[in-house]
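Structure first, commentary second.
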Amino acid sequence: MHAYNRISSTGHSTLSPPSSPLRSPLRSPLRSPRYRHRKGKGGRFPSGRQPRTLGQRLTCVILSVLLRRQGVFLFAPLIYISGMLLYMGTVSFDVVPLIRPRPPPGSVYRSPQLYEKLRPEIDSDNSSFATYGLSKVWKQSYKGDEWRPCINKSIGGLPDSNGYIYVEANGGLNQQRTSICNAVAVAGYLNATLVIPHLHFHSIWRDPSKFNDIYDEDHFISTLKNDVRVVNKIPKHIMERFDNNTSNIFNFRVKAWSPIHYFGDAVLPKLLEERIIRISPFANRLSFDAPLAVQRLRCLANYEALQFSSPIATLANSLVARMKERSANNNRKYVAVHLRFEEDMVAFSCCVFDGGEEETKEMNAAREIGWRGKFTKPGRVIRPGAIRINGKCPLTPLEVGLMLRGMGFNNGTSIYLASGKIYNSEKFMAPLLEMFPLLQTKDTLASVEELAPFKSYSSRMAAIDYTVCLHSEVFVTTQGGNFPHFLMGHRRYLYGGHSKTIKPDKRKLALIFDDSNIGWTAFKQQMLSMQSHSDAKGIELRRTNDSIYTFPCPNCMCLVNKSEDHRSSSAP
C-alpha cells in the first residue's frame with residue numbers, strides 16, 4: 001500500500017497511487033472470457049438477476065463517483081434529504097385526520113348544558129337570602145354615615161328672561177329624560193324660558209307620546225318656578241313671526257358633550273338676537289362636568305320635578321303594592337330584574353345562542369329590517385365568539401336564573417321581570433320559571449283592562465317597569481343602557497347613597513357558564529363573590545366625567561352622620 005499526498009509540502013506532485021483493480025485492463029468485465037461465455041448463453045445479464053432501471057444505474061454512477069472522493073460526508077445530508085423528498089412524492093395524502101381547533105373558553109353558549117348538570121343540586125339547595133330576609137343582602141355602608149337628598153330650592157324671584165329655548169328630546173324614555181334635565185340646566189344658566197320639551201318620535205321606539213302623557217306637567221312647572229321659567233307652549237306673537245311653524249325657528253346645532261360655557265359663548269348671543277332658538281337633537285349635548293349651580297338644576301329636574309303622570313303612577317304604584325303582598329314571606333321585599341332579551345336586542349348583539357338554522361334566519365331578517373344592511377357591509381366581519389368573551393352578549397333568562405340561584409335566592413323569592421317581548425319566550429323563559437316559579441311581570445300583575453291604555457306606547461310601559469324596579473330591594477341589570485343607569489342613580493337617591501343593584505361581570509360569567517367541570521359549590525362561591533362586588537360598587541361616588549344621573553353623590557346629596565341625626569330628631 002502506498003501512502004501519498006495530492007499536493008506535497010514542496011509544491012510538487014508525489015507519485016500517483018496504483019491503479020484500481022476495477023480499472024485494470026486485465027480484470028475488465030468486458031474482456032473476461034467468463035462474461036463473454038454468459039452473454040452467449042443467457043443474454044447480457046447473469047442468470048437470476050433483474051435488469052436495472054435507468055434511475056438505479058444513475059444512482060450507482062453518482063454513488064461510485066462520490067465514494068472515490070473524500071468529501072462524500074459533505075453530501076450525505078443532501079443525499080438523505082433528496083431521497084426523502086423523492087419518497088414523499090410517491091406517498092398519497094388523500095386521507096388525513098381533520099383537526100378542528102377547540103373554541104376559546106367562554107366563546108360558545110353552553111349554559112343549557114351546565115344547567116342540566118347542576119339542576120339536581122339547584123333543586124335540592126334551599127339555603128338562600130330568603131330564609132333570613134332580603135334586607136340582609138346588602139352589607140356595605142358608609143361607616144356610620146349616610147347620604148341624604150339636599151337639593152337647595154330657590155325662594156327669590158327671577159330676572160327678566162333672555163328669550164325662549166325649544167328643544168327636541170330624542171331617543172327612548174330615559175334618553176329623553178336626560179335631554180329634559182339638561183335643557184332645564186341650560187335654560188337656567190342662560191336665564192332663558194324653557195318651552196316644555198318636544199319628545200321626538202323614535203324610529204325604533206315608535207311612541208308618539210307627548211310630555212304630559214308621560215310626566216306630570218303641572219308639577220314639573222311648579223317645582224321649577226323659582227329656578228327656571230317653564231311654559232307649555234311658545235307664545236302666539238312669537239310663533240306668528242315664523243308662520244306658526246317651529247321648523248322655521250333657527251336651529252342651533254350643538255356638538256355632543258359640549259361644556260356649559262359653550263352655551264354662554266355661542267348660544268346666548270343668538271338667543272338675544274332671535275329671542276327664541278331651537279336645539280335639535282338635544283340628547284347628550286351637555287357634558288357631565290359642570291359648575292355646582294348647573295348640577296343643582298339637573299338634580300332638581302331629575303329627582304324632584306320629573307314625576308310620572310297620574311295614570312302611569314297610579315297603575316305602577318298598584319303593581320308595587322301587589323309585588324309586596326306576594327313577598328310577605330320575605331318581609332315584603334322582592335327582586336327586580338331588567339332583562340334585555342328582546343328580538344331586536346338579540347339581533348343587534350350578533351351573538352349566537354342555540355345556533356340553529358331557524359335562529360340564523362330570524363336574526364338575519366331582524367337585522368335587515370332594523371338596520372338595513374349595516375351588518376352585511378363588504379369587509380365587515382362578525383365574530384360571535386369574541387363578542388361573548390368580551391361580555392357583550394345579553395344574558396338569557398336561563399343565565400339570569402343560574403346567577404341568582406348561585407347568589408342564594410331560592411325558589412321562594414319573588415321576582416319582578418321588567419322587559420319587552422322576550423325572544424322565543426316559550427323556550428327561553430321555561431328554565432327561569434322552573435327556578436323562580438313566583439316570577440311576575442306587568443302582564444301577570446295587571447289585568448288586560450288596566451294595561452290597555454298603555455299597551456301601544458313603549459315609553460309608558462317602560463315608565464311602569466321603571467317604578468316597580470325603583471322600589472325593589474334588589475335590582476338586577478343584565479345589559480347596559482339608560483334605563484338601568486337612571487335607576488341606579490335614582491335608587492342611590494332614595495336608599496342612602498347605595499344603589500342596591502347587582503351588576504354582573506359578564507366576561508367572567510361567560511367563562512363560568514362554559515366550564516363543564518365546575519361544581520355547584522364552586523359555582524355558588526363565584527356568584528357570591530360577584531354579588532359582594534356589586535355591593536361594594538353600589539356606594540361609589542361620582543367622578544368628574546361620570547353621569548350625574550347614575551351617581552347623584554355628592555352633587556345631589558349630603559353626607560349625614562346617623563348618630564347625630566338620630567339625636568337631633570329625638571331632641572324635644
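The figures that follow rest on heavy atoms only: side chains count, while hydrogens, waters and symmetry mates do not. None of these values were measured; they are calculated from a predicted model.
Side-chain polar atoms of H200 and E168 form no donor-acceptor pair below 3.5 angstrom. Side-chain N/O atoms of S472 and R491 include a donor and acceptor closer than 3.5 Å. In the model, R296 has no side-chain atom that pairs as donor or acceptor with a side-chain atom of N555 under 3.5 Å. Judged purely by distance below 3.5 Å, without hydrogens or angles, the side chains of D125 and W520 pair a donor atom with an acceptor atom. For D289 and T544, the side-chain atoms include no donor-acceptor pair closer than 3.5 Å.
Formation of a donor-acceptor pair under 3.5 Å by the D514 side chain with backbone atoms of P105 is not found in this model. With hydrogens and angles ignored, the 3.5 Å screen pairs a side-chain donor or acceptor of R380 with a backbone N or O of K374. No donor-acceptor pair closer than 3.5 Å links the side chain of T223 to the backbone N or O of F220. Between the side chain of H498 and the backbone N or O of D535 there is at least one donor-acceptor pair closer than 3.5 Å.
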Starting from the C-alpha separation in whole Å, work towards a yes-or-no answer on side chain to side chain donor-acceptor pair (under 3.5 Å) for K537 and Q140. CA-CA 9 Å; K537 298 284 283 186; Q140 297 290 331; over 6 Å; no
Please determine whether side chain to side chain donor-acceptor pair (under 3.5 Å) holds for the pair N561 and Y142, giving the CA-CA distance in whole Å, both sets of side-chain angles, and the decisive distance to 0.1 Å. CA-CA 9 Å; N561 187 281; Y142 289 98; over 6 Å; no
What do the steps show when you test H490 against Y466 for side chain to side chain donor-acceptor pair (under 3.5 Å), and what is the final call? CA-CA 10 Å; H490 207 155; Y466 184 99; 2.9 Å; yes
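Salt bridge annotation for D515-K117: absent, with no cationic side-chain nitrogen under 4.0 angstrom from a carboxylate oxygen. Taking a cutoff of 4.0 Å between a charged side-chain nitrogen and a carboxylate oxygen, R119 and E434 qualify as a salt bridge. In this structure, K500 pairs ionically with E473, as a charged nitrogen and a carboxylate oxygen lie closer than 4.0 Å. Under the 4.0 Å criterion applied to side-chain N and carboxylate O atoms, K361 and E357 are assigned as salt-bridge partners. Taking the charged nitrogens against the carboxylate oxygens, E304 and R298 have no contact shorter than 4.0 Å, which rules out a salt bridge.
Between H338 and F483, the ring centre distance stays below 6.0 Å. In this structure, Y334 has its ring center at least 6.0 angstrom away from the ring center of Y416. Here the two rings, on W257 and F288, have centers that are under 6.0 Å apart.
The aromatic rings of Y493 and Y303 sit parallel, their planes meeting at an angle under 30°, below the 60° perpendicular limit. Between F353 and F341, the angle of the ring planes goes over 60°, which puts this pair in the perpendicular group of the 30/60° scheme.
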